[in-house]
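If you're wondering where the values come from, they're calculated on a predicted model, not measured in any experiment.
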Amino acid sequence: MKPGILFLLLAAVLAASQAHADWTPVEKVEAYAIAGQTAPELYASIGERGPLIGKDVVGKKVRVIAHTNFKLTWTRDYRPEGGACVLKTARPKLIITYTLPKPAGPLPAELQKRWDAFAAGLAAHEKVHGGQIVDMVQKIEALSVGFTVANDPGCKKIRTELTTRLSELSQAQRQASRDFDRVEFGPGGNLQQLVLGFVNGD
């Protein structure tokens with residue numbers, strides 16, 4: 001990955017990751033072990049051991065190079081006001097987990113340099129996904145606080161209505177993630193070039 005492109009990716013992450021003043025996401029990295037003493041061997045090991053997610057056209061899970069997942073829970077304060085219900089506060093607890101490959105043993109010095117560059121590019125890519133998740137949570141928070149449903153003194157209808165609204169934001173985040181990957185792994189994309197550069201030594 002070219003330094004300029006990497007800088008732009010990191011800048012996008014920093015811009016997207018400015019969490020609300022009252023909360024900060026927890027970010028974790030989980031490594032899965034790969035083996036090999038050449039770049040093609042390491043990449044082949046990634047193909048054998050990478051995280052299994054989603055499904056292909058025949059219903060089989062797909063193995064990927066790296067993955068970003070998250071757990072999101074909320075503390076919400078619903079309050080009846082007159083005949084309506086108002087969501088006064090909504091505080092998120094967001095845990096983002098990046099799953100990335102890591103060689104199980106030491107590498108030759110030159111290969112280690114190539115690996116470090118490859119690993120940094122992968123991490124930058126996954127951080128963009130993390131930034132998209134943070135952005136989604138901020139949008140959910142903005143929509144939630146002050147959300148009001150009339151004729152709901154028991155604060156029951158508001159929960160259903162809120163779930164419907166928030167589902168739209170969740171779907172938008174998933175689509176943005178898919179679109180980003182499509183570009184990154186497409187012809188001439190950053191991740192495609194990153195992989196080719198690592199395996200071929202360019």
Side-chain angles (χ1 to χ4, degrees), residues 1 5-6 8-17 19 23-36 39-74 92-105 107 112 114-140 166-167 169-199:
M1 183 179 293
I5 295 173
L6 181 57
L8 290 174
L9 279 174
L10 292 173
V13 170
L14 289 172
S17 297
W23 61 274
T24 302
V26 175
E27 294 183 287
K28 300 180 177 180
V29 176
E30 293 183 352
Y32 66 92
I34 58 170
E41 287 175 355
L42 289 171
Y43 192 69
S45 185
I46 286 172
E48 295 168 355
R49 304 182 185 184
L52 284 167
I53 64 165
K55 292 183 179 179
D56 62 14
V57 292
V58 296
K60 292 181 64 177
K61 285 194 172 182
V62 179
R63 205 172 283 281
V64 295
I65 300 173
H67 181 54
T68 298
N69 200 4
F70 69 96
K71 180 180 179 181
L72 174 62
T73 55
W74 291 88
K93 180 180 179 182
L94 175 62
I95 302 173
I96 301 173
T97 302
Y98 304 105
T99 302
L100 298 164
K102 182 178 181 180
L107 301 176
Q112 184 67 55
R114 284 168 62 185
W115 173 260
D116 289 345
F118 178 67
L122 281 182
H125 172 90
E126 295 305 318
K127 279 282 192 176
V128 173
H129 285 300
Q132 291 173 330
I133 292 165
V134 171
D135 180 65
M136 175 194 69
V137 175
Q138 290 173 336
K139 288 176 179 176
I140 290 174
L166 300 190
S167 177
L169 292 175
S170 176
Q171 291 299 323
Q173 180 269 323
R174 291 178 186 177
Q175 187 60 53
S177 179
R178 288 192 291 266
D179 291 345
F180 177 62
D181 279 342
R182 190 175 301 113
V183 172
E184 288 277 286
F185 284 99
N190 291 327
L191 258 293
Q192 185 195 66
Q193 295 302 309
L194 184 72
V195 169
L196 291 175
F198 175 64
V199 174

To the nearest 0.5 Å, how far apart are [atom1] in [X] and [atom2] in [Y]?
X      : Y      : atom1 : atom2 : value
Thr97  : Glu126 : OG1   : CD    : 11.5 Å
Leu122 : Ile46  : CG    : CD1   : 6.5 Å
Arg174 : Ile133 : CZ    : CD1   : 10.5 Å
Ile95  : Glu27  : CD1   : CD    : 11.5 Å
Arg114 : Asp116 : CZ    : CG    : 12.0 Å
Thr73  : Lys71  : OG1   : NZ    : 6.5 Å

Between [X] and [Y], which heavy-atom pair has the shortest distance, and what is it?
X      : Y      : answer
Gly188 : Gln193 : CA-NE2, 3.6 Å
Trp23  : Gln138 : CZ2-CG, 3.9 Å
Tyr32  : Ile65  : OH-O, 2.6 Å
Met136 : Ser170 : SD-CA, 3.8 Å
Gly130 : Thr68  : N-CG2, 4.1 Å
Leu52  : Arg63  : CD1-NH2, 3.6 Å

Any side-chain heavy-atom pair from [X] and [Y] closer than 4.5 angstrom?
X      : Y      : value
Phe70  : Val137 : no
Leu42  : Phe118 : no
His125 : Phe185 : yes
Leu94  : Val134 : yes

Does a sphere of radius 6.0 Å around CD in Glu30 hold more than 12 heavy atoms from other residues, nucleotides or ligands, not counting ones at 6.0 Å or beyond?
-> no
Begin with the C-alpha distance, continue with both residues' side-chain angles, and end with the deciding distance and a verdict on side-chain contact (heavy atoms from CB on, under 4.5 Å) for Phe180 and Leu191.
-> CA-CA 11 Å; Phe180 177 62; Leu191 258 293; over 6 Å; no
Quick one: do Asp181 and Arg178 make a salt bridge, cutoff under 4.0 Å?
-> no
List the steps and the verdict of side-chain contact (heavy atoms from CB on, under 4.5 Å) for Leu100 and Val29.
-> CA-CA 7 Å; Leu100 298 164; Val29 176; 4.1 Å; yes
